[in-house]
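Below: one structure, written as structure tokens.
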Amino acid sequence: MPMGSLSRVAAAGGRSFGTAVRPEQLTGDARLAQLVLDNCAAITPEIHFKWNAIEYAPGQRNFAPADALAAFAGSHGLALRGHALIWEQSTPDWALRRLAKGEGWELVEAHFAAMLGRYGAAAQEWDVVNEPIDTEQGVHGLRTTSFYRAGGPHYIERALHLARRLAPQARLAINDYSVDYDNPVDAARRTALLRLVERLKKADVPLDAVGLQAHLDLAKGPFRPQILRTFLADLAGLGVTITITELDVKEADRRAPLALRDARVAAEAQSYVATALEQPAVRGVTTWGLSDRDSWLQDAPGQAGARPERLNRGLPFDAALAPKPMYWAMRDAFAAG
Ligand code: G3I
């Protein structure tokens, strides 16, 4: 069967398909770069748009890797997702130290100005706030991050208004994880995310989209389509579009026969993507990498010496860049959607 292009099949149904990438993957491996070009209409910088990648030391911004990704997207006509302006885990230590004391919001303003000034037009959709939900230790469902302390309980509103001012054309999103499964934690997180979106929309805060990371996990299953269906309809009803931003599948048993493992991963991805595509507000799907070789789910991603049969197999292509059942499953889901 000819491989065909995931993005072309997705585009026929009015959807986009993309992947997360790191610049060294594109420059260091021509086959991977070709796989991206063959299959993707969009890319998300996996690491290099993050604050600690841009400004590891205060005031010394290194845009080179981010520029390379923006240029790759621009020269090949790919959409670009700006990921992520605010994320506690990718904030440089020097900034975290100030923000955690409840001061230094001007650092956030300077970072936004730098990023949106440079890439605000190049990237069509931005994760302005990444992972704001915490229903276990948070306050009213919000993670009490350093940004929460520095910007106050309405830091998300402030961040979105700031982003809109600096990039009036960009689509602005919040992006979060663990809203996929039928368990009390995910259920509480769905409710908290819906409440947050409702609050923002009611207050006319410039929020255009919600990103659902979709780091699927076979240990958390079974995946129940009806739960996602209802959640997506509730989100869409609040007037936002939805992007599946970081899809991959974490395996529960890497010792099972390979064919069975691949079938389990493919079934999970197909079920999830097919359900998501039923919802017209879902604009596209991005996987968090194309090849298992590069997945963050590996114990040592990209490192030689890892036993290939023990690698997590939760992306569309295997470590040798051959398509796996997950690839065909996603293609089928896009074709049907
Ligand atoms: O490149 C260095 C390498 O030289 C060094 O030996 C190694 C030692 O730790 O670190 C390598 O860099 C790591 C990089 O991944 C490449 O593997 C960074 O330390 C590590 O922080 C970085 O992690 C990334 C993480 O976000 C933090 O930025 C992951 O690749 C990336 O997949 C992950 O992506 C996040 C999304 O942004 C948000 N949602 C969850 C998702 C998974 O955590």
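The first residue in the sequence is number 1, and the count goes up from there. Predicted, not measured: the structure shown is a model, and the values here were computed from it. Counting starts at 1 for both ligands and their atoms, following the listed order.
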Once ring-ring contact (aromatic ring centres under 6.0 Å, His included) is applied, do any residues pair with Y181, and if so which ones, sequence neighbours excluded? none

Do T241 and R171 have a side chain donor and acceptor closer than 3.5 Å? yes

May I ask whether Y177 has any heavy atom positioned less than 4.0 angstrom from an atom of ligand 1? no

Measuring from the heavy atoms of Q89, does anything fall under 4.0 Å of ligand 1? no

So if I count the atoms of ligand 1 from 1 in the order they appear, which ones are less than 4.0 Å from some heavy atom of E131? 38 (C), 39 (N), 40 (C)

Can R31 and Q34 be counted as having a side-chain donor-acceptor contact under 3.5 angstrom? no

Pairing of K202 and E198 as salt bridge, 4.0 angstrom limit: yes

Which atoms from ligand 1 have a heavy atom of I47 less than 4.0 Å away? 14 (C), 15 (O), 16 (C), 22 (C), 30 (O)

Please determine if W296 has a nitrogen or oxygen closer than 3.5 Å to a nitrogen or oxygen of ligand 1. no

Return yes or no for this condition: an N or O of Q213 is under 3.5 Å from an N or O of ligand 1. yes

Give yes or no for whether the N/O distance cutoff of 3.5 Å, strictly under, is met between S90 and ligand 1. no

Please could you name the atoms of ligand 1 that E46 approaches to less than 4.0 Å, counting only its heavy atoms? 29 (C), 30 (O), 31 (C), 32 (O)

Do any nitrogen or oxygen atoms of W87 lie less than 3.5 angstrom from nitrogen or oxygen atoms of ligand 1? no

With a cut-off of 4.0 Å, which atoms of ligand 1 are near a heavy atom of H215? 40 (C), 41 (C)

Less than 4.5 Å apart, any side-chain heavy atom of R199 and any of E157? yes

Would you mind telling me which of T287, N175, T286 makes a side-chain hydrogen bond (donor to acceptor under 3.5 Å, both in side chains) with T245? N175

Can you find a pair of side-chain heavy atoms, one from R255 and one from R310, that are under 4.5 Å apart? yes

Taking side chain to side chain contact (heavy atoms under 4.5 Å, CB included) as the criterion, tell me which of L96, T91, V108 meets it with S146. L96

Going by the atom numbers of ligand 1, which of them fall below 4.0 Å from some non-hydrogen atom of N130? 38 (C)

With respect to H83, determine whether any N or O atom, backbone or side chain, lies less than 3.5 Å from an N or O atom of ligand 1. yes

